[in-house]
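Just so it is clear, the values below take in all heavy atoms, side chains as well, and ignore hydrogens, waters and symmetry mates. None of the values given here were measured: they were computed from a predicted structure.
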Amino acid sequence: MGTLSARVWNDILVSLRTQNPELSRPWLASLEPEGLAHGVIRVRSANSSHHYYLTQHCQAAFNEAAQRITGRLVTLEFVPPPVPESNSQPLSFEADEVPLNTDYTFANFVAGPCNRLPHAACVAVADSPGHVYNPLYIHGSAGLGKTHLLQAVSHELRSKGLEKVLYLSCETFTNHFVEAIERGALHQFRYRYRHVDALVIDDIQFLAARDRSREEFFHTFNTLYQARKQIVLSGDEAPNGIPSLEERLISRFNWGLVVRIDPPCLETRMAIVRKKASLRCADLPEDVVHFIAAAVESNTRELEGALTKVLATSQQFGGSMGLDIARKALGDHLAGPARQIDITDIVEAVTTRFGVRLADLQGKRRNRSIALPRQVCMFLARELTSLSLEEIGGYFGGRDHTTVLHAARTIASQQERDNDLQEKLQDLSRTIRRHMI
Ligand code: ADP
Ligand code: MG
């Protein structure tokens, strides 16, 4: 097999990163091609998750990059990692499972007020499986990080040496069960599911009502629970909000810990955007980070989509990055109703509520009766509009961006201690949004 020079390989990686930033991952840098033969570049992965990622998502993009750089019709072949010496496990637990997503680790998860509890619970469970919270049940609406957390626990348990950590969606469990019945292989099915060190099942709301698989799940659960094996579950509702769950299962879920994951606040969304950008080796200015985080309020998956759009648009414009690029990329997001909130709407609501005048807010006075409503305006402008710190500062008498940042943080932390202020803010926010409809 011919060799491929390190420089050419490096150029291919750079080309992939610039043309397809959404596919780029830091670990791609550690890939080493085995060589080039008959127009095929062979690349072996370090582990099966990497291999899965490459074959599922990167084939076309890598082929294109390789052809661009070499000017020849070469393609890439991803070679799976070497299989370890055969072990004595009677059933392979990885054979028909989707490998864990390499991005879904604790290191890549941003903890904030909205998810501190579920995050801490998952870390605790990964630290001492079967002992702290069993079962652990995490619920919340779509796109808030349940799958990420469940897979992070699974990654962690596997890396600690637990051999049989079974992560799967509830659908897969049901499909396996139906298949086992059809093939008369219930015995193997039970062996497989009841001899695990930890069972992690995602999207339990798909457990069908009035179905034998539910009965089977119930017994699987009991067996593992009694053997003090860790069970982690996720659902889109709390256990008693899932119609197909029967009473005896609900009460069992409540033996452990049931925690909710909430939509992320602005600061957390910003941290997530930074994290996701760094995963893609992209460097974003802070005003762009804020812009993206402010444009997508409720759902972290969409937040990621918005980031991808911004990165792609930046590529179209030769790699330059700034607020203008972000605005171009997310034009349609900003057309949504929440986006039309204007700083004047905020000022109007705040001045009415606090009985002050706009001129006061824009002026120099700093006594508390003026400073507080001014800070509240800045806080709300940050939460409800996609204006940059500079733009907000500019509106309030040409104040510096650090002043705005300080104001927003002060109010954010004050409201945690001050119920009165918190109510006022919620009230104001409702009033402002009501005007938008
Ligand atoms: P769910 O399973 O609740 O529908 P996912 O776990 O699939 O949501 O999350 C959707 C996307 O958002 C994933 O790419 C995930 O990595 C990301 N995400 C969600 N919450 C966070 C967080 N706190 N930190 C980093 N990424 C997050
Ligand atoms: Mg999920």
Side-chain angles (χ1 to χ4, degrees), residues 101 103-104 106 108-123 136-152 202-205 233-239 241-242 257-277 279 289-310 326 330 332-341 346 379-387 408-409 411-413 415-416 419 421-434 436-437:
N101 185 324
D103 289 349
Y104 292 174
F106 283 130
N108 289 340
F109 191 86
V110 175
C114 53
N115 58 29
R116 211 175 293 293
L117 211 55
H119 173 254
C122 285
V123 171
L136 172 61
Y137 184 102
I138 294 180
H139 64 100
S141 37
L144 296 186
K146 301 182 294 297
T147 296
H148 190 137
L149 278 178
L150 260 57
Q151 293 206 8
D202 211 351
D203 292 323
I204 199 76
Q205 72 271 14
L233 305 161
S234 82
D236 64 354
E237 292 280 350
I242 296 184
L257 179 70
V258 174
V259 276
R260 196 180 66 205
I261 186 161
D262 288 317
C265 63
L266 180 76
E267 292 292 326
T268 310
R269 295 203 300 278
M270 288 178 63
I272 293 174
V273 171
R274 277 185 218 110
K275 177 73 83 182
K276 297 281 176 190
L279 262 177
V289 171
H290 173 257
F291 184 83
I292 299 173
V296 184
E297 283 180 31
S298 55
N299 181 315
T300 313
R301 188 172 297 133
E302 278 178 29
L303 190 62
E304 225 178 324
L307 169 66
T308 304
K309 263 194 198 162
V310 171
L330 302 186
D332 44 346
H333 266 293
L334 306 182
R339 292 297 98 226
Q340 287 161 7
I341 292 176
I346 293 173
F379 169 81
L380 289 173
R382 202 87 177 118
E383 288 282 324
L384 303 177
T385 76
S386 53
L387 294 172
R409 290 204 173 131
I411 298 296
S413 76
Q415 71 159 336
E416 293 205 1
N419 286 342
L421 179 63
Q422 192 175 33
E423 254 170 51
K424 252 192 202 131
L425 290 172
Q426 283 169 356
D427 212 38
L428 279 166
S429 181
R430 265 195 300 273
T431 311
I432 296 163
R433 283 176 201 277
R434 215 174 298 130
M436 295 302 106
I437 301 170

Report the residues that fulfil side chain to side chain contact (heavy atoms under 4.5 Å, CB included) with [X], sequence neighbours left out, ordered by chain and then residue number.
X: A121; value: Y133, L136, L257
X: E304; value: K276, R280
X: Q426; value: Q422, R430
X: A120; value: none

Sequence neighbours left out, what passes salt bridge (charged side-chain N to carboxylate O under 4.0 Å, His left out) with K424? Give chain and number order.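 Here no residue qualifies.
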List in chain and number order the residues that pass salt bridge (charged side-chain N to carboxylate O under 4.0 Å, His left out) with D203, two or more places apart in sequence or in another chain; answer none if no residue qualifies.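 D203: no salt bridge (charged side-chain N to carboxylate O under 4.0 Å, His left out) contacts found.
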Partner set under side chain to side chain donor-acceptor pair (under 3.5 Å) for S234, not counting sequence neighbours: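 Checked S234 against side chain to side chain donor-acceptor pair (under 3.5 Å); matches are D202.
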Go through the structure and list residues passing side chain to side chain donor-acceptor pair (under 3.5 Å) with H139, not counting sequence neighbours.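 Not a single residue meets the side chain to side chain donor-acceptor pair (under 3.5 Å) criterion with H139.
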Answer whether the closest heavy-atom distance between the side chains of [X] and [Y] falls below 4.5 Å.
X: L330; Y: F291; answer: yes
X: Q205; Y: E237; answer: no
X: Y137; Y: I204; answer: yes
X: C122; Y: F109; answer: no

Between K146 (side chain only) and I138 (backbone N and O only), is there a donor and an acceptor less than 3.5 Å apart?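 The answer is no, because no donor-acceptor pair under 3.5 Å joins these two groups.
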Point-to-point distance, once rounded to the nearest 0.5 Å, from [atom1] of [X] to [atom2] of [Y]:
X: L150; Y: L233; atom1: CG; atom2: CG; result: 7.5 Å
X: E302; Y: T308; atom1: CD; atom2: OG1; result: 12.0 Å
X: I272; Y: N108; atom1: CD1; atom2: CG; result: 11.5 Å
X: I242; Y: D236; atom1: CD1; atom2: CG; result: 5.5 Å
X: I432; Y: I346; atom1: CD1; atom2: CD1; result: 5.0 Å

Contact summary for T385 and I341, nearest pair of heavy atoms: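 The pair with the smallest heavy-atom distance is CG2-O, 3.6 Å.
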Filter on side-chain hydrogen bond (donor to acceptor under 3.5 Å, both in side chains), then keep only pairs touching residues 113-123, sequence neighbours left out; what's left?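 Pairs touching residues 113-123 that pass the test: none.
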Acceptor/donor pairs from residues 261-269 side chains to any protein atom, 3.5 angstrom cut, sequence neighbours excluded:
unit_1 : atom_1 : unit_2 : atom_2 : d
D262   : OD1    : R260   : NE     : 2.8
D262   : OD1    : R260   : NH2    : 3.2
D262   : OD2    : R260   : NH2    : 3.3
R269   : NE     : A293   : O      : 2.7
R269   : NE     : V296   : O      : 3.0
R269   : NH1    : P264   : O      : 3.0
R269   : NH1    : E297   : O      : 3.4
R269   : NH2    : A293   : O      : 3.1

With sequence neighbours excluded, what pairs up with F379 under the ring pair (Phe, Tyr, Trp, His ring centres under 6.0 Å) test?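 Applying ring pair (Phe, Tyr, Trp, His ring centres under 6.0 Å) to F379 gives none.
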